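What follows is a short report on a single structure.
All heavy atoms count here, side chains included; hydrogens, waters and symmetry mates do not. Just so it is clear, the model here is predicted, and its values are computed rather than measured.
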Amino acid sequence: MSENNTIKIYGARVHNLKNVDVEIPRDSLTVITGLSGSGKSSLAFDTIYAEGQRRYLETLSTYARQFVGTMERPDVDKITGLSPVISIEQKTTNKNPRSTVGTVTEINDFLRLLFARASDAYSPVTGEKMVHHTDDQIGDLILRNFDGRKIALLTPLVRGRKGHYRELFEGLAKKGYLYARVDGEIREIFAGLRLDRYKIHYVELVVDRLVVKPDVRSRLLKSLQEAMRQGKGTMMVYDYDDDNVRFYSRHLMCPTSGIAFNEPAPHSFSFNSPQGACPHCNGLGEEAVFDMERIVPDGGKSIRDGGVEPLGRYRNNLLFAELEALGRKYDFTIDDPIESLNEEALNAVLYGDSEPLRIDARELGGTGNYMVSWEGVADYIEKQRDDSASSKGDKWKEQFVVRRVCSVCGGSRLRKEALYFKIDGKNIAELSALSIEEFALWMEGIEKRLSKKQEQIAHEILKEIRERLRFLLDVGLGYLSLNRSSRSLSGGESQRVKLASFLIKENAGGPILFIFDEPTTGLDPLVTKELYTTVKHLSAEHGMTVVMVSHDVDAALRYSDRILHLATSLKFIGTPADFLQTPFGAAFSEEGGAQHD
């Protein structure tokens with residue numbers, strides 16, 4: 001082989017390797033096999049990959065290297081023909097709670113774009129499809145739907161708030177407006193008009209009143225634009241004949257209830273963005289709640305004896321003085337068993353009391369009395385964590401909490417508004433919860449279930465999503481869902497997700513050396529074949545070199561281009577057919593191993 005077509009390693013002595021010399025052909029799949037301890041990982045990761053990383057760091061500037069450090073040269077005489085190296089080991093290293101299968105493979109990015117550009121919004125109140133129109137379109141709708149009827153164009157000013165609004169009415173009167181619709185009734189605006197300040201009110205300004213005819217279009221549009229200006233893009237039409245109201249908006253709006261959404265953008269569907277994340281759980285999909293069994297592990301104990309675990313045993317300080325004062329209010333003492341406290345008293349101990357408590361300062365060695373507020377054991381735990389300068393505070397708090405699905409978003413991680421945007425009846429959270437196989441089936445023929453406009457918008461986006469789903473299916477991950485947390489993946493699953501993400505980025509260009517660590521462990525034969533086919537796609541179609549460490553000699557014989565078999569020193573490198581002619585290969589065949597085609 002020529003110098004440019006091979007990676008040559010001379011005198012590798014890392015760990016169990018003893019002056020191993022080997023040539024690995026480029027643009028092919030080479031599987032390193034051998035018994036445990038023979039040096040497979042030492043050659044692949046501790047020699048080849050380590051040298052590739054060291055060379056990369058040496059290309060950085062002196063300034064950059066002072067932050068990332070340097071790597072020690074592996075114990076090897078020489079390595080030539082080495083390309084940039086990517087290692088995909090069988091371990092889960094991503095601890096980020098926001099990382100999911102969908103974010104790693106970038107499918108979420110395209111899903112968010114798809115929903116921002118091609119979804120339909122539905123009203124959370126009536127279930128109607130939400131609409132938005134231009135001023136001209138709204139004018140045409142009013143002329144058509146209210147032809148010959150007396151209407152009033154309204155601007156919503158107050159929606160479900162308390163107050164007397166005297167200043168509001170005075171300001172409207174000074175501007176020349178005569179009427180307003182107050183709590184469903186058209187009323188004249190006059191000096192001194194005020195409402196009951198303790199009741200909830202709805203106030204809409206009457207911008208114009210007219211009978212709808214074709215020749216009033218110019219007046220209608222002028223009044224409509226004024227109503228939209230004052231209503232910030234939203235207005236109402238009141239029908240005098242049937243006492244009904246219809247909403248219109250430049251934004252997405254339910255025409256019946258008047259509920260409006262902002263125009264969707266990709267970040268509206270991202271749990272990693274403040275605009276899209278559930279405000280209760282901050283996009284994590286779970287919430288931490290205090291566990292009563294951990295805070296009060298033994299209900300038979302009293303507060304004085306340490307029955308409340310975070311507080312510990314009694315001490316003569318303000319904290320326990322507050323609890324004694326709380327007991328006087330709720331008729332218990334700190335010597336009573338906690339299980340004897342009624343529900344109201346126990347809730348006050350755990351979550352605080354809204355009214356101040358009187359403390360006798362003489363109990364603490366002072367003089368006089370003063371008022372304090374008891375915030376509860378839960379607040380005490382939070383403050384103790386905040387006061388800690390290290391991670392010890394977080395660890396201490398964690399022992400008293402349990403994590404459960406977010407009570408607001410139901411685990412979807414998104415704001416409620418995002419879940420009312422749907423494509424073919426499903427929102428983005430429902431699609432993310434499907435398995436990859438189910439999602440791929442849903443994608444089949446989706447264009448036929450979209451409108452012509454949606455299809456034109458979604459065409460390229462759907463193409464990208466399908467390509468990424470195909471790679472995940474090819475590496476045997478069809479059973480995972482896009483919302484599966486990266487932290488919960490096994491080592492093999494994490495490795496194959498990374499592989500799929502690299503396959504997706506196949507346009508990165510340039511010769512790259514991929515090193516895999518036991519990617520077929522635990523896979524059935526069919527999935528193993530699909531995985532090998534996908535990995536060989538890297539070398540055959542994209543000119544990349546793939547080295548795979550594996551104990552599965554049978555699969556290596558069936559699907560690899562070259563086999564590198566190691567003991568404590570080099571034993572064999574060649575084609576699977578040649579390997580079967582060696583003593584080890586012959587022994588493997590006699591034991592019922594694969595016959596290479």
Side-chain angles (χ1 to χ4, degrees), residues 1 5-9 12 16-17 20-49 83 85-90 474-476 491-492 495-496 498-499 502-503 512-542 544-589 591 593-597:
M1 296 182 185
N5 293 331
T6 61
I7 300 171
K8 295 183 179 180
I9 299 100
N16 291 339
L17 298 175
V20 171
D21 298 338
V22 64
E23 292 186 22
I24 297 175
R26 299 175 62 85
D27 306 339
S28 63
L29 168 59
T30 300
V31 179
I32 304 177
T33 64
L35 300 175
S36 296
S38 60
K40 301 184 298 297
S41 295
S42 296
L43 178 62
F45 295 100
D46 300 326
T47 303
I48 300 174
Y49 176 66
S83 305
V85 185
I86 293 175
S87 165
I88 305 182
E89 298 183 65
Q90 191 176 119
D474 287 346
V475 296
Q495 186 182 37
R496 283 178 280 151
K498 292 176 188 174
L499 170 59
F502 282 122
L503 292 173
I512 296 177
L513 169 60
F514 285 90
I515 302 179
F516 295 94
D517 182 20
E518 300 280 1
T520 60
T521 301
L523 301 184
D524 63 53
L526 181 60
V527 176
T528 297
K529 180 180 179 180
E530 293 175 348
L531 179 60
Y532 266 97
T533 301
T534 303
V535 170
K536 289 186 73 172
H537 174 78
L538 282 172
S539 57
E541 300 295 330
H542 303 285
M544 298 181 185
T545 305
V546 181
V547 173
M548 183 184 296
V549 175
S550 177
H551 282 91
D552 190 350
V553 180
D554 184 66
L557 285 170
R558 293 179 184 274
Y559 310 119
S560 69
D561 298 319
R562 293 287 190 278
I563 290 181
L564 170 56
H565 181 68
L566 290 176
T568 53
S569 61
L570 178 62
K571 290 297 184 182
F572 171 82
I573 182 167
T575 65
D578 294 336
F579 175 75
L580 289 173
Q581 306 305 314
T582 65
F584 182 86
F588 180 78
S589 297
E591 293 173 3
Q595 297 296 322
H596 184 69
D597 297 329

Could you tell me the separation between the CD1 atom of I573 and the CG atom of D578, rounded to the nearest 0.5 Å? 11.0 Å

Grab the two heavy atoms, one from L17 and one from G39, that are nearest each other, plus how far apart they are. CD2-O, 3.6 Å

Can T545 and D27 be said to form a side chain to side chain contact (heavy atoms under 4.5 Å, CB included), step by step? CA-CA 4 Å; T545 305; D27 306 339; 4.1 Å; yes

For a quick test of reading the model, state the closest non-hydrogen atom pair linking S550 to Y532 and the distance between them. OG-OH, 4.2 Å

Begin with the C-alpha distance, continue with both residues' side-chain angles, and end with the deciding distance and a verdict on side chain to side chain contact (heavy atoms under 4.5 Å, CB included) for I9 and I7. CA-CA 7 Å; I9 299 100; I7 300 171; 4.1 Å; yes

Using side-chain contact (heavy atoms from CB on, under 4.5 Å) as the criterion, list what pairs up with D561, not counting sequence neighbours. S28, L29, K536, S539

Reported OG1-to-CG distance for the pair T33 and D554, which is rounded to 0.5 angstrom: 12.0 Å

Assign the ring pair Y49 / F45 to parallel, tilted or perpendicular, where the plane angle (0 to 90°) is split at 30° and 60°. perpendicular

P25 backbone acceptor or donor facing R562 side chain under 3.5 Å: no

To the nearest 0.5 Å, atom CG of L564 lies from atom OG1 of T30 at 7.5 Å

Applying side-chain contact (heavy atoms from CB on, under 4.5 Å) between I48 and each of I24, V22, I32, report the one that passes. I24

For a side chain to side chain contact (heavy atoms under 4.5 Å, CB included) check, start with the C-alpha distance between K40 and H551, then their side-chain angles and the critical distance, and finish with the verdict. CA-CA 10 Å; K40 301 184 298 297; H551 282 91; 3.5 Å; yes

Which heavy atom of A44 sits nearest a heavy atom of V549, and at what distance? CB-CG2, 3.6 Å

With D552, which residues qualify under side-chain hydrogen bond (donor to acceptor under 3.5 Å, both in side chains), at least two apart? none

Could you please spell out the steps behind the side chain to side chain contact (heavy atoms under 4.5 Å, CB included) verdict for S560 and M548? CA-CA 9 Å; S560 69; M548 183 184 296; over 6 Å; no

When you compare the side chain of V31 with that of F579, does any pair of heavy atoms fall below 4.5 Å? no

